[in-house]
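Working notes, beginning with the structure itself.
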Amino acid sequence: MEVELLPDREPRARERVDVATIFAEHHVGLVRLAVVMVGDQATAEDIVQEAFTRTHAGRSTLRDPGSALAYVRSAVLNGSRSVLRRRAVRLRRALPYEPPVRSAESAALVDQDRQEVLLALSRLPRRQREALSLRYYLDLSDAEVAEVMRIGESTVRSTIARGLKALGRALGENK
Amino acid sequence: MNVGQANNRVESRLRDALAAVGTTVEPARLRPLIPPKRRGFRPRVRFVAVGLGLALAGAVGAVLLAPSERETVMVATGASSLLSGGWTKGQPEIAVFLCHDGSPLPACGAVTEPDGGGSDGVRPAPATPGTGITAAQQSELEQVLRARPEVKSITFEDRRTAYANVRRHLLDSGDRKLADALAVGDVPESFRLTMKPDTDWGAVTDAVKDMPGVAAVIDQKCVAEQAVSDRARCTAE
């Protein structure tokens, strides 16, 4: 029986990739991406868990191993967007906007100067903020950013250029 | 300072700040990912009323669905052992479930195609569904039950209460998906009998199980006390 199964299994393993495996292998990286997006680890972990559950419920394997990572990163990005949207609604009604990365342990690692950069980043429009984070945190190429954000490559290039310019202005770098 | 230099400086500050954020996540302290209990399970399936009643008794095979939904059927029958834990001391011991319109049970007049599956605990959808108990039948049943010397007291459980009870039990068992899949009307109405100890409960079951409009009689105390494999004998259909 096993002899029969093996030749069948191997090509399948090549063309499809297990969702659970992708998440397990990239768990830390995905949480870090979410932290970069939303600023605190507890929320970031929830976002990744939620993305995992959703992806898992939809299908157990992904057809194209090459874009599997982009696919789960997209899922995490989407989750982060929802969180930020909900927060924005809440904050508009009550508190002034808080910069991301505000837990005590993060504050120790992320000093004043970095906080300033992150605050300026968080004030950019969503698309610029996401494109800059994917480029300068994950070092993704234009094509890779485009795939994760599901926008065109030329849009990625112009968005990043505009984002950098706006960030420079906010940080007083290009007077 | 020209634009290129300014951009470089912004880029490096941004890179540095983002990297610092990334390092705040300690791999060792991450909560592990919890996989969903069942892959691809979506609670789009309706439980058939008496099916769940029987699932309460732990009798396998009562949940009936189309064969294409078999994956979900297995979830449903798997829950029977969870559901059967519902009885505790002090609650009515015997449940007499009533037929409802559309019932799949032969006891309610449903006719099933002879070759319509029926393996591994899945019943085929009936060709002709059964009919509900009439008001006259229900009142006659109640009179018979009240006349029995073994019965101490009788309560009637309507659909809403039945639904609420089963749902609560599912939630207590942590089976949220099943609880959410459950709808009012999925659990049939029943008479709940509190029995006198040391009397012949089987005589009561025998007296009413073949009456018109009776879907099933379940001795819930028996279900709670028996091993899963022996629970079928607590049920009379």
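Only this structure's heavy atoms are used, side chains among them; waters, hydrogens and symmetry mates stay out. Just so it is clear, the model here is predicted, and its values are computed rather than measured. Numbers restart at 1 for each chain; the letters A, B, ... are given by sequence-line order, proteins then strands.
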### Query
Counting only heavy atoms not in Arg81(A), do more than 12 fall under 6.0 Å of its CZ?
yes
#### Entry: Closest non-hydrogen atom pair between Arg31(B) and Asp46(A), with its separation
NH2-OD1, 3.0 Å
### Task
Determine whether Val117(A) and Val10(B) make a side-chain contact, defined as any pair of heavy atoms from C-beta on separated by less than 4.5 Å.
no
### Task
Can you spot which of Val35(A), Val36(A), Leu30(A) makes a side-chain contact (heavy atoms from CB on, under 4.5 Å) with Val25(B)?
Val35(A)
### Message
Nearest 0.5 angstrom please: Gln41(A) CD to Thr24(B) OG1, how far?
### Response
6.5 Å
### Query
Do the non-hydrogen side-chain atoms of Arg15(B) and Asp139(A) ever get within less than 4.5 Å of each other?
yes
### Message
Can you tell me how far apart CG (Leu14(B)) and OH (Tyr137(A)) are? Round to the nearest 0.5 Å.
### Response
12.5 Å
### Query
Does atom CZ of Arg126(A) have more than 12 heavy-atom neighbours, drawn from other residues, nucleotides or ligands, at distances under 6.0 Å?
yes
### Summary
If one checks every heavy atom of Leu33(A) against chain B at 4.5 Å, the contacting part turns out to be neither
### Message
Is it the case that the side chain of Glu173(A) and the backbone of Asn7(B) share a donor-acceptor pair, with hydrogens and angles ignored and the cut-off at 3.5 Å?
### Response
no
### Message
To check you understand the geometry: which heavy-atom pair defines the closest contact between Phe23(A) and Leu33(B), and what is its length?
### Response
CB-CD1, 3.7 Å
### Query
Do Arg114(A) side-chain atoms and Ala17(B) backbone N/O form a donor-acceptor pair below 3.5 Å?
no
### Query
Do Leu18(B) and Leu121(A) touch side chain to side chain, with heavy atoms closer than 4.5 Å?
yes
### Note, Leu167(A) side chain near Arg13(B) side chain (heavy atom, < 4.5 Å)
no
#### Entry: Any side-chain heavy-atom pair of Pro27(B) and Arg32(A) under 4.5 Å
yes
